[in-house]
Amino acid sequence: MSWLSTDRLPRPHDTERRDVAWTRWNETASRPDDPAQVALLDALFGNSPYLTETAIQNPTFMTDLWRRGPDAVRADLAAELAAVQSGARDGNLPAAVATALRRLKRQVALAVAVADIAEAWSLEQVTGALTAFASGCLDALTDSILLQLARDGQLGIGKDPAAAALTVLGMGKLGAGELNYSSDIDLILLYDRDAAALAGNDQLSRHFVRAARMLVQLMSETSADGYIFRTDLRLRPDPGSTPLAMSVQAAELYYESVGQNWERAAMIKAHPVAGNRAVGAAFLSDLTPYIWRKHLDFAAIHDIHSIKRQINAHRGDSAVKVLGHNVKLGRGGIREIEFFAQTQQLIFGGRNPALRHRATCETLRALATAGHVAPSAADELIEAYGFLRKVEHRLQMVDDRQTHSLPSDEAGVAAIATFLGYPDSQSFQKDLLDRLHCVEGHYARLFEEAPSLAGPGGNLVFTGTDDDPGTLATLQTLGFRDPSAAAGIVRRWHHGRYRSTATARARELLTELMPGLLKALGSTAAPDQALLNFDLFLGNLPAGIQLFSLFKANPALLELVAAIMGSAPGLAAHLARRTILLDSVLSPAFYLPLPPAEEMQADLTRQLAAVEHEQDILDLARRWANDRRFQVGVQQLEAIVRPAQAGLAYSDIAAATISAVCDRVEWLFAEAHGGFRGQRLAVLGMGKLGSREMSATSDLDLIFVYDIPPDMEASDGRQSLAPIQYYTRLSAKIVTALTAHTNEGALYEVDMRLRPSGRAGPLANSLEGFESYHAQSAWTWEHMALTRARVIHGPAGLVERLADIVKSTLCRPRDALALVRDVADMRDRIVRHAPPKSPWDFKHLPGGLFDIDFVAQYLALRHAAERPDLLAPHPAEMLRRAADAGFIDRADAERLRAARTLLSDVQSLLRLTLNGDEAAFDEASAPEGQRRLIAFTEGADDLAELRARISAETAAARAIYRRIVEQPARDAGWQARTDDRRSDG
């Protein structure tokens with residue numbers, strides 16, 4: 001009994017629980033006579049429910065354990081494990097092997113706990129016994145599973161599992177031989193696809209993935225007999241995109257091309273623990289140059305130092321303390337000691353093989369011998385490591401839980417102190433704090449020169465495979481609504497899957513940029529979408545080092561790109577597709593106003609003339625137009641131009657694109673079908689194109705008009721066509737050229753419903769037919785729309801005649817009462833068929849753009865016969881001219897113009913930030929960044945203030961509309977089909 005001493009055993013903390021356990025023990029076994037044996041059971045019964053249950057269920061084993069001692073019992077357990085392994089190689093089924101191992105695990109757990117509690121074994125013996133048992137379990141199950149696959153005809157290995165060339169690498173504490181009491185185990189499963197027994201098997205990956213899945217399941221699942229070990233495969237290369245088992249060849253390629261420094265640190269502890277160990281040893285030998293680099297530049301050392309900073313991601317605490325402190329991950333904890341050793345191994349181990357140890361304490365001693373660590377520091381860290389591992393084991397022995405945190409209450413801490421053999425809680429707390437402070441001090445001094453990776457308000461760390469709580473909290477603070485998804489995206493960048501992040505230098509630069517990048521993305525209108533857009537952008541970059549260096553040297557450029565990614569999805573999509581645009585963004589000329597439409601048309605025409613294939617024409621037109629729309633969008637986003645100025649630029653780009661594309665398409669069409677003695681087609685721009693108020697997402701309202709000589713009944717080409725056929729087909733080709741989606745993206749949507757007879761009319765109209773229709777058949781609303789018409793393209797003579805027809809149509813004398821009734825009725829129809837979709841649906845809101853524009857168009861149509869100078873494509877200009885002429889009170893006109901400017905500006909900004917209809921804006925769910933951007937652009941403190949201003953302006957505009965249009969219409973006998981409440985929203 002010399003191995004067991006009452007002096008070394010802890011007293012029972014919970015005496016009531018101890019007494020209940022003794023009652024149960026006495027029902028199945030006799031009470032021992034030896035005081036030391038009684039004290040041992042007292043220690044188990046009064047401190048650990050798990051060990052109590054295990055001992056009571058195995059009284060014979062427990063009795064044998066205290067009589068013979070843990071060393072003898074360990075030898076017996078090793079023999080039993082060897083028998084299970086032998087049975088596995090003889091063909092025992094995997095399920096039967098797992099059952100035997102589960103039963104054996106409870107005895108091993110009890111024996112190790114007793115040896116640890118009684119201080120019969122050192123820390124190395126405790127962790128070594130646990131590691132050896134885990135390795136034996138893996139060996140037995142791996143062999144059994146491989147032989148099962150052979151019996152199923154999936155592997156041609158006969159009865160030799162080693163022929164499968166599958167190796168099981170133990171990582172972390174398993175690989176280092178340092179398993180803790182309730183540890184899970186991290187594995188990497190690799191197979192040599194060139195092994196002779198695997199030749200000709202084209203389903204290797206599928207078969208070995210099945211083996212890996214069976215291994216994890218059988219090791220981890222819990223039954224009535226308990227479990228073996230919780231098993232994790234997430235330390236394998238790029239676990240998000242690789243199979244559970246992979247070939248050594250693929251793994252080597254990964255590590256040597258895109259392996260990260262934290263993975264190098266992880267591979268220090270890698271060790272073959274099961275399967276074909278020779279395959280694992282050869283793999284690790286081949287990987288030596290990757291793990292142990294002889295020469296490290298500053299950037300690599302900087303990145304290794306980041307491993308230290310990345311521990312913060314896993315800390316459960318921000319300060320040294322006792323209550324609730326995580327002795328593994330918290331400040332001054334086990335992980336800091338391990339990282340203290342590993343980071344220096346990475347830096348110095350390439351030149352000194354004597355530092356290449358897997359075990360932590362052994363490494364610290366080697367570092368001290370080599371002069372990299374003061375011997376006193378190594379001794380203190382080794383002593384603290386042993387103390388903290390002992391605390392960790394007691395925490396886990398209580399309930400066999402994979403926990404590392406002390407209880408968060410004094411009573412719980414007192415129980416652990418008793419279990420550790422302390423006479424009182426305060427003595428334990430003092431010893432614990434001394435060790436934690438000691439470790440923290442050494443750790444901080446080692447890395448005091450290392451730059452921080454902390455982000456605004458917390459840690460920003462993305463190593464490993466798990467989400468870090470601290471980093472998730474930081475991301476949430478930055479504005480990301482789904483921080484876990486955000487962390488996953490950033491981790492993906494570090495795996496080098498993109499060309500831009502394929503090199504170590506690119507990833508190191510990206511790591512340095514990360515705090516600034518995420519802060520910038522987080523401050524945009526939609527941070528989560530911004531990150532997704534930036535991810536797409538990175539995926540399309542041909543390389544990363546140059547751009548990341550540029551971002552580092554130009555923080556303003558990084559902030560601009562972030563703003564684009566998060567605040568303007570349309571711009572983000574184009575930049576992701578055309579990353580070369582960043583070069584132009586750096587030029588001061590990028591922020592200057594665009595040239596006039598005529599100059600831009602000439603530029604595009606010249607470029608289109610150099611290409612002949614239709615697809616090339618479409619692609620070039622899209623690149624040209626979208627690049628310039630991108631330029632305007634960035635200027636608008638940066639508040640260099642107001643929305644109205646942006647509207648002019650967007651409209652000029654559209655006009656230039658239409659003209660240049662029409663010219664080129666007409667030329668190609670004429671090659672086959674000839675023409676009618678020169679160009680005879682004009683394009684009339686309507687809506688916002690006509691009034692030069694386009695936004696980032698505006699479509700094109702177009703009308704095609706042609707005029708041919710009266711003596712030509714068909715075109716003069718080899719495939720001649722009648723005029724109506726010719727211009728219908730030509731117009732269709734132009735529309736296709738403007739709307740087709742190509743690899744360069746979209747150009748414009750085209751709406752032709754404003755042409756004579758709408759959808760029922762021909763795609764193109766003759767000039768005579770257009771004039772006749774508007775003289776005899778057009779509805780009032782069509783003339784209202786015609787007030788915003790502008791001829792965009794065509795030969796000079798036709799342009800002039802078409803403009804004259806539009807003007808003469810609008811200047812026709814009209815019945816004032818019939819006109820006001822028609823205008824009011826049209827507005828009422830819109831209310832009935834297209835009510836406002838939201839408070840931000842500015843076209844349809846009562847007092848919104850329709851009401852304001854209808855007032856302007858009504859006044860123009862009513863008075864243009866006597867005052868043609870009222871006419872202007874822009875409704876706000878028509879209102880100003882109407883006020884000058886005395887047809888509307890100037891205060892009313894200015895109020896309508898102000899309301900229209902406000903609504904148009906916000907609409908333009910919403911369309912830029914939504915890349916779609918402003919009516920879809922959901923104020924309640926909109927990201928704070930977008931809300932702030934919309935409000936600040938209009939000079940409001942917040943969105944509520946802006947909404948109140950919009951409400952006041954639209955209420956005033958609605959009152960003016962009623963006074964000028966609706967009430968006179970009612971007086972003229974018109975009756976609304978909607979009641980007042982509905983029409984006012």
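In this structure, the side chains of Val906 and Trp840 come closer than 4.5 Å at one or more pairs of heavy atoms. Between Tyr858 and Arg827, every side-chain heavy-atom pair lies at or beyond the 4.5 Å cut-off. The shortest side-chain heavy-atom distance between Ile734 and Leu730 falls under the 4.5 Å cut-off. Counting heavy atoms from C-beta on, the side chains of Phe704 and Val683 come closer than 4.5 Å. Side-chain contact between Leu604 and Leu620 is present, with at least one heavy-atom pair separated by less than 4.5 Å.
Ion pairing between Asp701 and Arg753 fails under the 4.0 Å rule for side-chain N and carboxylate O. Salt bridge annotation for Arg881-Asp869: absent, with no cationic side-chain nitrogen under 4.0 angstrom from a carboxylate oxygen. Taking the charged nitrogens against the carboxylate oxygens, Glu877 and Arg692 have no contact shorter than 4.0 Å, which rules out a salt bridge. A salt bridge links Glu966 and Arg958; the closest N-O separation between the charged side-chain nitrogens and carboxylate oxygens is under 4.0 Å.
The minimum heavy-atom distance between His793 and Cys662, with the atom names listed, is NE2-CB, 3.4 Å. Contact detail for Ser777 and Glu782: the closest heavy-atom pair is O-OE1, 4.5 Å. The two residues Leu879 and Ala893 make their nearest non-hydrogen contact at O-CB, 3.8 Å. Across Leu754 and Ala785, no two heavy atoms sit closer than the pair CD2-CB, 4.1 Å. In this structure, Asn765 and Pro756 approach most closely via the heavy-atom pair OD1-CD, 3.4 Å.
In this structure, Arg755 contributes its side chain and Gly761 its backbone to a donor-acceptor pair below 3.5 Å. With hydrogens and angles ignored, the 3.5 Å screen pairs a side-chain donor or acceptor of Glu945 with a backbone N or O of Asp941. Between the Asp892 side chain and the Ile888 main chain, no donor and acceptor come within less than 3.5 Å of each other. Side-chain N or O atoms of Thr657 include none that pairs as donor or acceptor with a backbone N or O of Ala621 at under 3.5 Å. Under the 3.5 Å distance criterion, the side-chain polar atoms of Asn626 are matched with a main-chain donor or acceptor of Arg622. The main-chain N or O of Leu592 is found under 3.5 Å from a side-chain atom of Gln635 such that the two form a donor-acceptor pair. Side-chain N or O atoms of Ser731 include one that pairs as donor or acceptor with a backbone N or O of Tyr727 at under 3.5 Å. Here the side chain of Ser772 pairs no donor or acceptor atom with the backbone of Glu768 at under 3.5 angstrom. The main-chain N or O of Pro596 is never found under 3.5 Å from a side-chain atom of Glu599 such that the two would form a donor-acceptor pair. A donor-acceptor distance shorter than 3.5 angstrom exists from the side chain of His783 to the backbone of His774, with no hydrogens or angles considered.
Arg895 meets the side chain to side chain donor-acceptor pair (under 3.5 Å) test with Glu953; sequence neighbours excluded.
Judged by distance alone, the side chains of His574 and Arg629 never bring a donor and an acceptor atom under 3.5 Å apart. Using modelled atom types, one finds a donor on one side chain and an acceptor on the other under 3.5 Å when comparing Ser698 with Ser695. Looking at Asp603 and Trp624, their side chains do bring a donor and an acceptor atom within 3.5 Å of each other. A donor-acceptor pair shorter than 3.5 Å can be found between the side chains of Asp971 and Gln967.
Side-chain rings of Tyr706 and Tyr726 stay apart, their centers remaining 6.0 Å or farther from each other.
The ring-ring contact (aromatic ring centres under 6.0 Å, His included) contacts involving residues 812-831 comprise nothing, where partners must be two or more places apart or lie in separate chains.
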